[in-house]
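To keep things clear, I will list the structure first and then write my remarks on it.
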Amino acid sequence: MAFQIYPTLEIPETLAAGPGPGNTDARVLQAFAGAGVADHMQGDVLRGMIECKHMLRQIWGTGNTYTFAVAGTGWSGLDTMFSAVMPGDKVVAFSNGTFSGIDALTLRIKAATPAEHAANPLNPQATSVTVIEVPHGQPVTGEMVEQALADHQPKWAFMAHWETGSGRVNDLRGFSDACERHGAMGLIDAVSSLGVADFRIDDFPGIAGWASCPQKGLCCLPLTYAPVSFTDAYIDALKTTGAYSYVHNPIFEARHWGIVDGQDVEKGTYHRTHSGYAVAAFHESLRLTLQEGLAKRAHSYRTHEAVLRDAVTALGCEVTSDMPSLVVLNLPGDLAGREMELVQNCRARGFGIWPTLSAPVQVRIGILNQLNHRSISRIVKLFAEAIREMGGSVDFEAIEALLESRYGTSIAA
Ligand SMILES: *Cc1c(COP(=O)(O)O)cnc(C)c1O
């Protein structure tokens with residue numbers, strides 16, 4: 001039988017207007033494609049990794065020595081952060097959407113005993129893990145965290161900073177304070193907030209571990225580097241118990257980023273093969289973030305999100321989210337229940353919006369790295385057209401007038 005050789009894979013340009021990945025910055029792509037084929041111990045690759053480590057500490061506002069990045073995407077960073085959770089460890093996890101739900105599953109996998117794994121291998125019910133289920137669309141509040149930590153007195157507490165599934169901002173201050181009061185080590189999924197929100201790790205001393213991703217707020221490519229940061233208390237706990245991982249053990253991984261025995265050293269040592277392309281891209285995305293400044297970027301997200309929110313509200317949609325990079329909405333009453341159909345129509349023509357990934361089905365429109373009036377206007381108009389195509393009523397002149405009043409009359413067609 002002849003084997004088949006497929007034609008070269010062509011992937012078209014689409015408008016990334018979802019929760020992530022975002023629109024990769026052109027400078028990042030150029031850095032990726034322009035990197036030479038250097039091995040992972042070549043001097044400039046190692047220097048780039050050290051510089052990335054220092055830039056990450058600046059962006060994230062932290063003196064944590066164990067601040068570096070993990071090859072992969074958000075789940076790679078999160079798996080690394082959860083690696084110190086051992087079978088039988090007492091954990092309280094808050095789940096208010098798709099992603100914190102998967103984080104809670106990861107925690108049950110890490111904390112389950114061998115008997116609990118054998119009883120339900122893909123969904124172990126670890127008795128040492130308490131998952132507090134907060135309904136879709138609602139935030140995790142400081143009072144909820146205080147109550148649960150007072151009741152359970154866990155070793156670890158977990159929350160997503162921004163739950164991208166339902167588009168909710170959770171109470172980071174309340175979480176950190178409650179962790180401090182009850183002596184729990186806080187773990188935060190900061191996958192969708194890093195690079196979008198202006199906050200400093202060191203202002204939240206109750207939190208021992210943080211994990212993020214390359215391809216959302218940092219505008220880098222997926223499968224480059226997922227930032228993580230750990231306090232000394234976290235590293236001490238890990239040193240005491242060990243972890244069931246070589247590759248995702250933060251102490252081993254940090255060595256390639258020039259962090260050994262809690263100290264910065266001049267040069268990284270081998271942990272795994274790193275990619276010069278990925279290092280160059282990640283390095284450029286961190287430079288971009290620092291050059292723009294987080295305060296300015298965070299303000300820009302809030303401004304443009306408000307325009308998008310008001311425009312879709314004017315189209316009759318109901319917005320239920322409060323994340324500055326993402327709008328989660330229900331369609332107008334006469335189109336209710338047809339959210340998935342609308343999303344599929346848009347995606348079929350390269351307008352990459354998303355549905356929610358768990359019930360109820362809602363539409364998610366994101367603005368990662370789309371922070372200018374031309375991009376927002378384009379997103380609003382494409383969305384309005386999709387509503388009209390499904391038989392909804394759209395007053396294009398009113399939408400145009402709204403955009404012009406918010407951005408001035410300088411919008412290019
Ligand atoms: C996107 C996201 C993830 C998953 O990240 P990947 O990059 O897809 O691995 C996890 N948590 C949150 C809050 C997210 O937004």
Side-chain angles (χ1 to χ4, degrees), residues 11-23 96-99 101-102 135-138 162-169 192 215-216 301 304-404 406-407 411 413:
I11 297 177
E13 186 65 36
T14 57
L15 174 56
N23 174 20
N96 67 325
T98 313
F99 294 102
I102 299 174
H136 176 99
Q138 290 181 28
W162 292 1
E163 169 51 66
T164 324
S166 53
R168 294 308 302 204
V169 173
S192 53
Q215 77 279 1
K216 288 177 178 167
Y301 271 108
H304 292 287
E305 189 268 355
V307 176
L308 176 59
R309 162 186 297 265
D310 292 350
V312 299
T313 303
L315 285 165
C317 300
E318 182 202 7
V319 175
T320 61
S321 56
D322 63 354
M323 260 176 70
S325 55
L326 183 70
V327 164
V328 183
L329 60 87
N330 298 318
L331 290 179
D334 51 335
L335 297 178
R338 297 176 68 192
E339 282 79 10
M340 193 61 92
E341 183 188 340
L342 177 128
V343 167
Q344 278 163 356
N345 291 346
C346 291
R347 294 182 65 85
R349 78 187 67 115
F351 174 36
I353 61 173
W354 285 74
T356 46
L357 299 178
S358 43
V361 181
Q362 295 183 281
V363 178
R364 294 186 295 162
I365 308 178
I367 57 170
L368 289 169
N369 209 17
Q370 308 276 2
L371 303 177
N372 57 72
H373 58 219
R374 183 193 287 255
S375 297
I376 300 293
S377 299
R378 184 166 166 228
I379 288 170
V380 168
K381 285 172 195 166
L382 287 169
F383 183 66
E385 276 162 25
I387 287 191
R388 209 218 350 224
E389 254 180 43
M390 285 200 348
S393 65
V394 174
D395 181 345
F396 278 99
E397 274 176 29
I399 293 298
E400 190 71 49
L402 184 148
L403 290 170
E404 288 197 14
R406 298 296 282 273
Y407 285 127
I411 301 174

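Nothing here was measured: the structure is a model prediction, and the numbers come from that model.
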Heavy-atom distance under 4.5 Å between the side chains of S192 and F99, does that happen here? no
Side chains of W162 and L326: closer than 4.5 Å at any heavy-atom pair? no
Would you say N96's side chain and Q138's backbone share a donor-acceptor pair under 3.5 angstrom? yes
Reported CG-to-CD distance for the pair L329 and E318, which is rounded to 0.5 angstrom: 9.0 Å
Value rounded to 0.5 Å, distance of CD1 in I367 from OG in S375: 10.0 Å
Begin from the C-alpha positions of E400 and K381 and carry the test side-chain contact (heavy atoms from CB on, under 4.5 Å) through to its verdict. CA-CA 9 Å; E400 190 71 49; K381 285 172 195 166; 3.3 Å; yes
Identify the heavy atoms of I379 and G366 that sit nearest to each other, and give their distance. CD1-O, 4.1 Å
How long is the gap from OG on S377 to CD on Q370, to the nearest 0.5 Å? 11.5 Å
Determine yes or no for a side-chain-to-main-chain donor-acceptor pair under 3.5 angstrom, with N369 supplying the side chain and G22 the backbone. no
Taking side chain as C-beta onward, heavy atoms only, is V327 less than 4.5 Å from R364? no
Minimum heavy-atom distance A311-I399, with the two atoms named: O-CD1, 3.8 Å
Under 3.5 Å, which donor-acceptor pairs do the side chains of residues 352-359 form with other protein atoms, sequence neighbours left out?
| unit_1 | atom_1 | unit_2 | atom_2 | d |
| --- | --- | --- | --- | --- |
| T356 | OG1 | S358 | O | 3.4 |
| T356 | OG1 | P360 | O | 2.7 |
| T356 | OG1 | Q362 | N | 2.9 |
| S358 | OG | T98 | OG1 | 2.8 |

Would you say M323 and V328 make side-chain contact, with heavy atoms under 4.5 Å? no
Determine whether R378 and R374 make a side-chain contact, defined as any pair of heavy atoms from C-beta on separated by less than 4.5 Å. no
Do V363 and C317 pass the side-chain contact (heavy atoms from CB on, under 4.5 Å) test, and can you show the C-alpha distance, the side-chain angles, and the key distance before you say yes or no? CA-CA 10 Å; V363 178; C317 300; over 6 Å; no
So, for C346 and A386, which heavy atoms are closest and what is the spacing to 0.1 Å? SG-CB, 3.5 Å
Exercise: identify the closest heavy-atom pair between R406 and D310: NH1-OD2, 2.6 Å
List the residues meeting ring-ring contact (aromatic ring centres under 6.0 Å, His included) with H136, not counting sequence neighbours, and say none if there are none. none
To the nearest 0.5 Å, tell me how far F351 CZ sits from L342 CG. 8.5 Å
Under 3.5 Å, side chain of E339 to main-chain N/O of N330, donor-acceptor pair present? no
Can you tell me how far CG of D334 sits from CE of M390, rounded to the nearest 0.5 angstrom? 9.0 Å
Is it true that atom CZ of R338 has more than 12 heavy atoms of other residues, nucleotides or ligands lying nearer than 6.0 Å? yes
For E385, give me all partners under side chain to side chain contact (heavy atoms under 4.5 Å, CB included), at least two apart in sequence or on another chain. L382, F396
Look up atom CG in L308 and atom CZ in F383, then write down how far apart they are to the nearest 0.5 Å. 8.5 Å
Quick check on side-chain contact (heavy atoms from CB on, under 4.5 Å): which of L402, V307, N372 does Y407 satisfy it with? V307
